[in-house]
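Just so it is clear, the values below take in all heavy atoms, side chains as well, and ignore hydrogens, waters and symmetry mates. All figures in this text were calculated on a predicted structure; none of them were measured in a lab. Numbers here are sequence positions counted from 1.
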Amino acid sequence: MTPTGLISHGRGEAFDYLMGERTTDAALDAERVAAAYMLNAKNPVVCVNGNAAALDAKRLIEFTAATDARIEVNIFHRTEERMRSLIEYMGSCGAVNVLGADPDSRIPGLSSDRALCTNEGIFSSDVILVPIEDGDRAEALVKMGKIVIAIDLNPLSRTSRAATVSISDEMSRALENMIRFAKELKCNGEERNEIISQFSNADNRRRTVDDICGSLMSEADRR
């Protein structure tokens, strides 16, 4: 992780405290629909940055196995050394054919190195999971017409507002639930479609904000 990455992660963790360090019902619903979207995808991709790899590479890899997704490493502070280290680390944890080392495409509308990607992975993906994402790129991916699934503890962040599915949960808890849902829904396309059709991200984010307010009031009422 870079120092700015650590700061960003700490800022997000504060929202976990506000939610009682637990998976809310709203987060659970978002995790279920995220698994359904990934299973329905033609080219699902899990995007991995330094924070995500450090937090839980094992579950990221398990989720890609459960959904037949590809992994692509994409980082803001990009150097060949950092990219090589992250790809090698993911490989040491069991990932195979990790993309990102040799970008041949760019995400339109971004000037930073996070625009660099592979055509095989991020650029041609139809559904993409972006844990611990920055708002600029989440917005750019949505503008490309992609289904963007974000894991971001802050339901009010630009990433959460832009995403198709906003999961406000700690990453490891979210992935564990998503792995379970993916296994349960693997052979049931009809149920997956029903779950997707009934989901409203705006309503779900509103429920998350309500959960935070309720948790704060409960703490305030304690004697």
Side-chain angles (χ1 to χ4, degrees), residues 16 19 22-49 51-74 89-100 118 120-122 124-133 138 141-142 145-153 155 159-160 162-201 203-205 207-208:
D16 200 21
M19 288 184 279
R22 62 186 177 86
T23 298
T24 65
D25 289 342
L28 206 60
D29 287 344
E31 288 153 8
R32 185 182 290 106
V33 78
Y37 266 122
M38 291 290 284
L39 288 169
N40 278 3
K42 294 179 180 178
N43 185 24
V45 169
V46 173
C47 184
V48 174
N49 60 17
N51 285 36
L55 284 171
D56 205 336
K58 179 176 178 290
R59 284 190 178 91
L60 286 166
I61 295 165
E62 285 181 11
F63 183 63
T64 62
T67 56
D68 297 324
R70 302 293 303 272
I71 292 177
E72 181 161 341
V73 171
N74 179 279
Y89 175 68
M90 294 300 294
S92 72
C93 293
V96 295
N97 299 323
V98 179
L99 303 171
T118 68
E120 182 180 0
I122 289 173
S124 63
S125 65
D126 54 339
V127 181
I128 182 166
L129 172 66
V130 286
I132 314 176
E133 178 69 7
L141 290 169
V142 169
K146 302 183 185 303
I147 304 263
V148 175
I149 301 164
I151 301 177
D152 188 329
L153 278 159
T159 300
S160 291
T164 315
V165 181
S166 307
I167 300 170
S168 294
D169 200 1
E170 188 274 328
M171 193 186 84
S172 291
R173 291 198 306 261
L175 288 170
E176 187 171 348
N177 291 329
M178 291 160 67
I179 291 164
R180 173 167 57 85
F181 288 136
K183 291 176 180 178
E184 291 174 358
L185 296 170
K186 186 90 171 179
C187 299
N188 198 332
E190 185 175 338
E191 184 177 359
R192 295 198 303 266
N193 292 336
E194 184 177 354
I195 288 169
I196 290 170
S197 68
Q198 293 177 350
F199 181 77
S200 165
N201 198 52
D203 290 345
N204 210 57
R205 284 181 52 241
R207 289 170 61 200
T208 301

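- For R70 (side chain) and N97 (main-chain N/O), a donor-acceptor pair under 3.5 Å exists by modelled atom type.
- Under the 4.0 Å criterion applied to side-chain N and carboxylate O atoms, K58 and E62 are assigned as salt-bridge partners.
- Side-chain atoms of N201 come within 3.5 Å of backbone atoms of S166 as a donor-acceptor pair (strictly under, hydrogens ignored).
- Note on residues 30-43: pairs passing salt bridge (charged side-chain N to carboxylate O under 4.0 Å, His left out), not counting sequence neighbours, are D29-R32.
- In terms of modelled atom types and a separation under 3.5 Å, the side chain of N49 and the main chain of I132 share a donor-acceptor contact.
- Under the 3.5 Å distance criterion, the side-chain polar atoms of D126 are left unmatched by any main-chain donor or acceptor of A41.
- The side-chain contact (heavy atoms from CB on, under 4.5 Å) test with I122 singles out one residue from V130, N43, L99, L141, and that residue is L141.
- Listed by chain and number, the residues in a side chain to side chain donor-acceptor pair (under 3.5 Å) with E191 are N188 (sequence neighbours excluded).
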- Please step through side-chain contact (heavy atoms from CB on, under 4.5 Å) for the pair R207 and T24, ending with a clear verdict. CA-CA 9 Å; R207 289 170 61 200; T24 65; over 6 Å; no
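- Residues that satisfy the side chain to side chain donor-acceptor pair (under 3.5 Å) test with D169, not counting sequence neighbours, are T23, R173.
- What you find for A174 and I167 is that their closest heavy atoms are CB-CG2, 4.0 Å.
- Listed for the T164 side chain is a donor-acceptor partner under 3.5 Å among the backbone atoms of V148.
- Using a distance-only test at 3.5 Å, with no hydrogens or angles considered, a donor-acceptor pair links the side chain of R205 to the main chain of P155.
- The shortest heavy-atom contact between D56 and S172 is OD2-OG, 2.6 Å.
- For A66 against A182, the heavy-atom pair with the smallest separation is CB-CB, 3.9 Å.
- The closest donor-acceptor contact from the side chain of S168 to the backbone of D152 lies under 3.5 Å.
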